[in-house]
Amino acid sequence: MTNYHNFIPGRKTITILFMVVFTIELAAGIYYGYFLDAKMQDAFARTANAFYVFFVEPPRFASIGLVWNPLPSMLQLPFVAFSQIWKPLVTQGIAASIISSLFAAGSVVVLFKTFLRLNISLKLTFIIISLYAINPFIFFYGFNGMSEGLTFFFMIYAVSCLVLWMKEGAAHYIMRIAFALALAFFCRYEAIPFAAAIGLGVLIIIFFGPAVKDFAPQGQLKETYYYAEGTAIILYTPLLFAVFLWIMFNWVISGNPLYFLNSAYSNSAYLSLTSGVTETPWELFRNVVWEKSTPFIPVFAGIVIVRIIRGKLFKHDFFVLLIMVLAVILFHYLMLLSGSSYGWLRFFSYVLPITVAWLPYEIAQINQEAYIRKLLLQGILVISLLVSCGLTLSTLGNLQKSPEEHSSMGTTESRRIAEYINENLQEERVLMDSFVTGEILVNIDNMSNMVVTASPDFYESLENPHKLGITYLLVPNPNEGTGKLDALNTWYPNLYAGREEWCEQEVTFEGFKLFRVIY
């Protein structure tokens with residue numbers, strides 16, 4: 001059996017593995033975005049935020065926005081900077097696809113190295129990481145530019161470091177987990193419940209696990225407590241600092257420390273447009289949580305079956321995994337109960353990367369079994385990955401079960417509006433809220449005359465358009481989609497209906513009206 005001690009992956013091996021996964025993911029991303037002209041709304045929003053940094057006057061980093069976690073947009077900045085040379089980097093979402101493809105490849109490399117470090121055979125390692133990489137959901141979110149791909153990477157890295165710490169007890173793994181959690185927070189807010197689960201897992205390992213006993217005094221509960229306290233401080237300091245920075249940025253720039261949570265552009269504002277919770281807690285659990293989680297839990301189920309066969313189910317390390325698996329699921333269930341979540345399929349997908357990252361630890365335990373028994377147990381885990389592939393493929397093929405994955409932003413009218421502005425309003429100052437008009441803005445040639453949400457004088461221009469030299473207003477239909485939340489519709493409720501005397505309607509587009517300021 002080939003193991004880590006007689007096959008140490010060199011830089012060339014790692015590079016080839018990384019480039020193969022990256023190339024396949026990016027090729028799919030280019031086909032999806034450029035040739036199919038498809039993109040997911042949240043992925044586009046991250047790209048648009050990066051676009052505003054460079055092209056909204058004056059160029060400034062604060063234009064990246066204070067609602068979406070900033071790391072996915074920040075990483076796109078080098079690519080978005082070249083969008084004036086090749087527009088599809090932004091307009092077709094290629095910049096976002098590059099970033100998510102890089103992290104998809106990084107996830108596979110982290111798994112590969114962890115498997116080999118825990119003496120898993122090279123053959124089995126390739127089988128498992130291949131089944132993970134080609135899982136339809138994982139593959140799709142590897143190229144579509146969504147922030148889940150980045151979050152999966154940081155979760156996989158954190159869990160991989162956790163299992164290596166459980167095996168080796170070296171403190172540097174805790175520091176690596178700490179920074180992974182902080183960076184995960186700058187991608188998605190699910191990092192908070194995941195970090196809480198990691199912390200509980202670390203405490204369980206310290207007090208009940210054998211691996212770190214060499215680093216903590218034996219038989220002295222007080223000393224063990226001090227060790228746990230110091231570990232927790234290291235584990236959470238970067239994350240707490242990241243949260244502090246995010247709140248301070250919101251406070252200093254917007255004047256509201258919780259702007260990301262309760263502003264007109266926040267998730268709560270989006271959800272205010274819905275009718276609220278109409279199902280009972282049991283119906284929500286059955287129809288949303290269970291149904292959406294099912295494609296992602298077979299690997300966890302496989303681990304449970306293997307544990308039962310081995311008589312190792314009720315062990316301290318299993319509860320570490322159980323807590324991590326339940327954390328994000330319960331978080332979104334509570335969000336559903338409070339009416340604060342759409343219950344998208346992707347919200348329940350984190351179970352899969354977490355459990356796959358745990359597999360090296362589980363298989364390392366299985367390797368101690370007799371040969372035939374070992375093959376049987378390994379086969380159960382491989383089959384569980386195949387089942388997950390089949391279930392995710394079936395789910396993604398079902399519009400009712402994966403509506404978000406089937407929706408693509410309509411680009412034709414946005415480009416028509418941008419073309420009209422490019423041809424007729426090059427020298428005019430046009431005011432619009434980028435909340436709804438982002439896809440129009442990225443197609444505009446001359447952004448210097450656009451006054452949008454990220455502009456320093458946006459709210460002053462909104463209050464007194466004529467005084468600030470605004471000559472045109474672009475307003476979305478308040479009765480369609482999120483148009484009701486548009487700042488112009490909020491500030492001037494009668495504007496879209498044409499009942500404002502200081503401006504007159506010039507052009508009607510599908511879902512939008514262009515008004516000219518007359519005094």
**OP:** State which residue, out of Tyr350, Phe347, Phe137, Tyr141, fulfils the ring-ring contact (aromatic ring centres under 6.0 Å, His included) condition with Phe296.
**Re:**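 Option passing the ring-ring contact (aromatic ring centres under 6.0 Å, His included) with Phe296: Phe137.
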
Subject >> Sub-4.5 Å side-chain heavy-atom contact between Tyr132 and Val299 >> reply: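 No. Closest side-chain heavy atoms not under 4.5 Å.
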
Does [atom1] belonging to [X] count more than 12 external heavy atoms closer than 6.0 Å?
{"X": "Trp502", "atom1": "CH2", "value": "yes"}
{"X": "Glu506", "atom1": "CD", "value": "yes"}
{"X": "Tyr459", "atom1": "OH", "value": "yes"}
{"X": "Trp251", "atom1": "CH2", "value": "no"}
{"X": "His466", "atom1": "NE2", "value": "no"}
{"X": "Glu283", "atom1": "CD", "value": "yes"}

Original post:
Which heavy atom of Ala178 sits nearest a heavy atom of Leu235, and at what distance?
Top reply: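 That would be CB-O, 3.3 Å.
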
Under 3.5 Å: donor-acceptor pair, side chain of [X], backbone of [Y]:
{"X": "Thr471", "Y": "Arg429", "answer": "yes"}
{"X": "Asp445", "Y": "Asn422", "answer": "no"}
{"X": "Ser341", "Y": "Gly343", "answer": "yes"}
{"X": "Thr392", "Y": "Cys389", "answer": "yes"}
{"X": "Ser97", "Y": "Asn144", "answer": "no"}
{"X": "Arg499", "Y": "Pro493", "answer": "no"}
{"X": "Asn49", "Y": "Pro70", "answer": "no"}
{"X": "Glu504", "Y": "Arg516", "answer": "no"}

Original post:
Hey, is Arg416 close enough to Glu419 for a salt bridge, meaning N to O under 4.0 Å?
Top reply: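 No, this pair does not count.
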
Original post:
Hey, are Arg188 and Asp42 close enough for a salt bridge, meaning a charged N less than 4.0 Å from a carboxylate O?
Top reply: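 Result for this pair is no, no salt bridge flagged.
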
Quick one: [atom1] on [X] to [atom2] on [Y], what's the gap to the nearest 0.5 Å?
{"X": "Phe55", "Y": "Ser83", "atom1": "CZ", "atom2": "OG", "result": "4.0 Å"}
{"X": "Met40", "Y": "Trp344", "atom1": "CE", "atom2": "CH2", "result": "8.5 Å"}
{"X": "Glu510", "Y": "Ile417", "atom1": "CD", "atom2": "CD1", "result": "8.5 Å"}
{"X": "Ile440", "Y": "Phe512", "atom1": "CD1", "atom2": "CZ", "result": "4.0 Å"}
{"X": "Glu291", "Y": "Thr395", "atom1": "CD", "atom2": "OG1", "result": "8.0 Å"}

Please report whether the ring centroid of [Y] lies less than 6.0 Å from that of [X].
{"X": "Phe515", "Y": "Tyr472", "value": "no"}
{"X": "Tyr32", "Y": "Phe140", "value": "yes"}
{"X": "Phe54", "Y": "Phe51", "value": "no"}
{"X": "Phe194", "Y": "Phe154", "value": "no"}

Original post:
Within 45° of the six-membered ring axis of Phe44 and under 6.0 Å from that ring's centre, is NZ or CZ of Lys39 located there?
Top reply: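 The answer is yes; both the distance and angle limits are met.
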
Original post:
For the side chain to side chain contact (heavy atoms under 4.5 Å, CB included) test, which of Leu473, Thr453, Thr490, Leu488 pairs with Leu462?
Top reply: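 Answer after filtering Leu473, Thr453, Thr490, Leu488: Leu488.
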
**OP:** Could you tell me whether the side chains of Asn446 and Ser448 share a donor-acceptor contact shorter than 3.5 Å?
**Re:**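 Ser448 and Asn446 do have a side-chain donor-acceptor pair below 3.5 Å.
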
Original post:
Using 30° and 60° as the class limits, which term best fits the ring planes of Phe509 and Tyr420: parallel, tilted or perpendicular?
Top reply: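 Aromatic pair Phe509/Tyr420 classed perpendicular.
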
Original post:
According to the interplanar angle, ranging from 0 to 90°, do the rings of Tyr259 and Tyr265 count as parallel (below 30°), tilted (30 to 60°) or perpendicular (above 60°)?
Top reply: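 Taking Tyr265 first and then Tyr259, their aromatic rings sit tilted (interplane angle of 30° to 60°).
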
